[in-house]
Amino acid sequence: MAAAIRKHSKVILSRAKFIEQNLRHFTVGQSLLGNTWFIYDKAKKKKDFIPVEHPIKIDKTPEAELQPIVIPDKIERSPTAILEALASTVRNDINQPMYSSIDDPYLYCNSDFLKKNNMAAKDSGRKTARMMMSMYPEYITQIWEEPLPEVWRDIVQGYVHKEPSEAALLERIAKRKVSDAIQVYEAVNPKSQLSQETIEKFLELLCVFNNQSPEIPSDVQQFIEPPSFIKDAPFPAVTWQKESLAEQVFRDLPVKTTAAYCYLIRGMATYFNKNGAMSLFREMRAANLTADVLTYNDLLSVASLDLETMEEVILEIETLLKDMAASNVKPNVQTFNSVLFSCNRVSRWSGCKKFALSVMSEMKALELEPTLATYLQMLKIFYDIKDKSPKTKNADLFLDILNNMESKEYQLTCENDLLFFRMAMRVITTHLPDAKIALRLHTIFKTGKNSDLVGHRQLQFTYYLDLISLIAQLEHTDVVMNLYQSVCPFIFYPTSDIYLMILENISLYNTFQYIPVIYTDIQRGNYFVDKNFALTFFKTLAQHKHEPTLQGQLCDIVQSLLAVWKLKQEKMHQLPAIDGDVIGEMIIIHLNNDDHVKACELFELYKHTRSLRKTSPSALSLSKLAKKLISVPDYNAAKNVMTTMLALDYEGIPDLVETCLDLLALPEEERMYLEGLARSAPSKTISESTSSSSESSSSDSDSD
Amino acid sequence: MSVSQIFPKSLPVSSFFLAFRGISTTSSVCKNRKCGVPKVTPFRTHPLTYEEAQPPSKIYVTKGWLSWNTSNLYEEKRHAETTFEDLIIRKFMFGTWHGILASEVVIKRRHNMIVLAFLASMEHALQRQVYFLQGYTEELLTNWFKCPVKVELSAVSSKNDVIFKKI
């Protein structure tokens, strides 16, 4: 067919052929009249014709044969299913500024302290605004007489049902207003005006919130304050209100249903009133009522309270579990978590660990998948982080847990899940200091969305603090910096101690190429305001002479910090702690770069700035500078340096004078001056290993 | 039909011109447009931001509007209300962010939300002060106007950074 199409030929195509021919590469100059093609040029390239099925098929089926259109059933999806599907198509860089911070480089919150501080300031602003509104309500009123949005209606206009009634009570229950609901309940006659169902709902409200209005913290407040660990206390105080309204409401109930019993037992157990909960449970069982699994779980979580031996604890727990089995109540993961939680309180008692293992095997037998909270309780029972004894713990159980968790993604099931990763990392640093285990845990942490389960800001900070402090001591710099660059500076901002560890690591493995990477973050964190930190940092930089590019970068770092120091001289706010010691190290860094001009400038800066003369540059740095200046030669500058050395009572001047007299042709007057210097100075030669007048540290400098 | 038939003698003369005013053949005064153009100082020392430097005639040519809303579109409501609220917001922002504001406040309305965008000078402000004012402004204006108000600011190191030219 293709071969038959020639220039100026006329081709008549059917509709189907026309569509087929569209697949071919004709050159320009085609015109179509009806189904007739006039080809003005040849096809560009001969191609084998591949017949394709007609894409548009008009099926001329008689109406009788038409199949009915079957609309598929609606698939039930969550309201956020489409958003989740869309979110799964993109992936953001998690190492980015905190979402709640202002999106501006000046206002990013890097360190944990800044995150907390700035969010506290924001919360403080909100509180101030609320206070202003309560102080001057006449100024801040509704401006326009237009109907308010629904959310504002409650705040401004109050409840819909203002008079005490069942509807009013239900309205307050729905809005979780405990004290208002109590007022309405006391104003109505429960027996005549309220139904059994409404009273049960009211009872549930009282039991959940312990008969008092809850203090609901704002989102910012939750971010600032660490989570409460009251529930983890081994012997928590009973916080359930004695002879409370909930108990009275329960007593006044016309019919004591299973739900009513369950609400009250759960309330008592949650607020650690074990005796009350257990006696009510026995009363419930005597009335031949069966508790639900949630009630059993709460009872199991307080089972170990007020008992003296492990045997009693085991007996109590087993009694409840057997009762569950007798009542045909199926346990869930939370049931076993509650048992382990109960065991955790008595984890130091003999027999506890054995019982915990038997619980885990029972859980396995029931084919229940452990959650993070389960593993958390196991870690707490077997690896007590408060146990400071030097005895090494067995890592087998921990490794088994890691093996089970490998490449699994976990969901949030209860608030204890949020504590697992932080606790596991703390266990590693306390009992199993092994970088490989820590990195394995971190790999699990990075699987899927597990990193969301670290929970609170403070837990995230302590997790990374433990991880990086362990890795920085035990692993190669490449591993450390790989981790560092994945989380710094926005997810985790290291403390100055961590930076000192990283500097030690860099010095140990001679990986100074990472110095420019960490310098920016150190500078952003204003860690140079600490004198010891600044000195250690520049001492590390001055240790060796590096290849020219890297050495140039190190010199740039010096100049950059000096520029910041000069800029902040006026305000004296967050001024880098530069003094004579640090200047000495900076001189060595420039000399390592064969840049005696910058080194001389630094020396002049030291000479002419009073604030820098609190401490003196090391003898080694001045000696190196003098040698370099003699070799350049720059006699006047060298003479200045040697005079300063004499004023500082440094050794090694005679050697320098001798070199100077040998190499330079000086007038007699100058020679006599130098000889006078040599006679006045101590004669001992400065060794390469002596680095500072105040502190001596080893130096492998090979710059000269 | 004479003029006296249309207008009785009791009416003022100005009403005559009002009724017959058609195309003006005199030169345009343009006083409303002129008042938006700042005057040049003798030694050209008055600094202007980019927004101030562009005359009103350049709106939508080289600069945008400071209030973004749909109140003035056909059959939309709340023309006066929106303008008045914007006035309150500008007064409030000028007083609350005193010494920090480095530009005019751009007020954007999207659905029921008001977004305040502006430049903040960090010359005399600490980070935590800005966060405090952000929380304060959002909470107060939200409760006042009964709709969510968000502050979306950008920081500049100094007010000198926003000087476009001096006149």
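From a predicted model like this one, the values you see are computed outputs, not experimental measurements. Chain A is the first sequence line, chain B the second, and so forth, proteins listed ahead of strands; every chain is numbered from 1.
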Any side-chain heavy-atom pair of Leu107(A) and Leu153(B) under 4.5 Å: yes

Any side-chain heavy-atom pair of Lys122(A) and Tyr136(B) under 4.5 Å: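 SC-SC contact between Lys122(A) and Tyr136(B) ruled out.
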
Rounded to the nearest 0.5 Å, what separation is found between the [atom1] atom of [X] and the [atom2] atom of [Y]?
| X | Y | atom1 | atom2 | answer |
| --- | --- | --- | --- | --- |
| Trp144(B) | Ile143(A) | CH2 | CD1 | 6.0 Å |
| Ser218(A) | Glu139(B) | OG | CD | 9.0 Å |
| Tyr131(B) | Ser101(A) | OH | OG | 4.5 Å |
| Leu140(B) | Arg126(A) | CG | CZ | 13.0 Å |

Less than 4.5 Å to any heavy atom of chain B: does that hold for the side chain of Leu148(A), its backbone, both, or neither? side chain

Counting only heavy atoms closer than 4.5 Å, note whether Thr141(A) contacts chain B via side chain, backbone, both or neither. backbone

Can Tyr106(A) and Gln127(B) be said to form a side chain to side chain contact (heavy atoms under 4.5 Å, CB included), step by step? CA-CA 8 Å; Tyr106(A) 279 98; Gln127(B) 267 196 4; 5.8 Å; no

Heavy-atom pairs under 4.5 Å with chain A, option from Val151(B), Thr142(B), Leu126(B) with the top count: Thr142(B)

More than 12 non-hydrogen atoms from neighbouring residues, nucleotides or ligands closer than 6.0 Å to CD1 on Ile82(A), yes or no?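 Count not over threshold, so no.
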
Region of Glu152(B) that comes under 4.5 Å of a non-hydrogen atom in chain A: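 For Glu152(B), there is no contact with chain A at all, as no heavy atom is under 4.5 Å.
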
Taking side chain as everything from C-beta outward and backbone as N, CA, C, O, which of these in Glu81(B) sits under 4.5 Å from a heavy atom of chain A? Side chain, backbone, both or neither. both

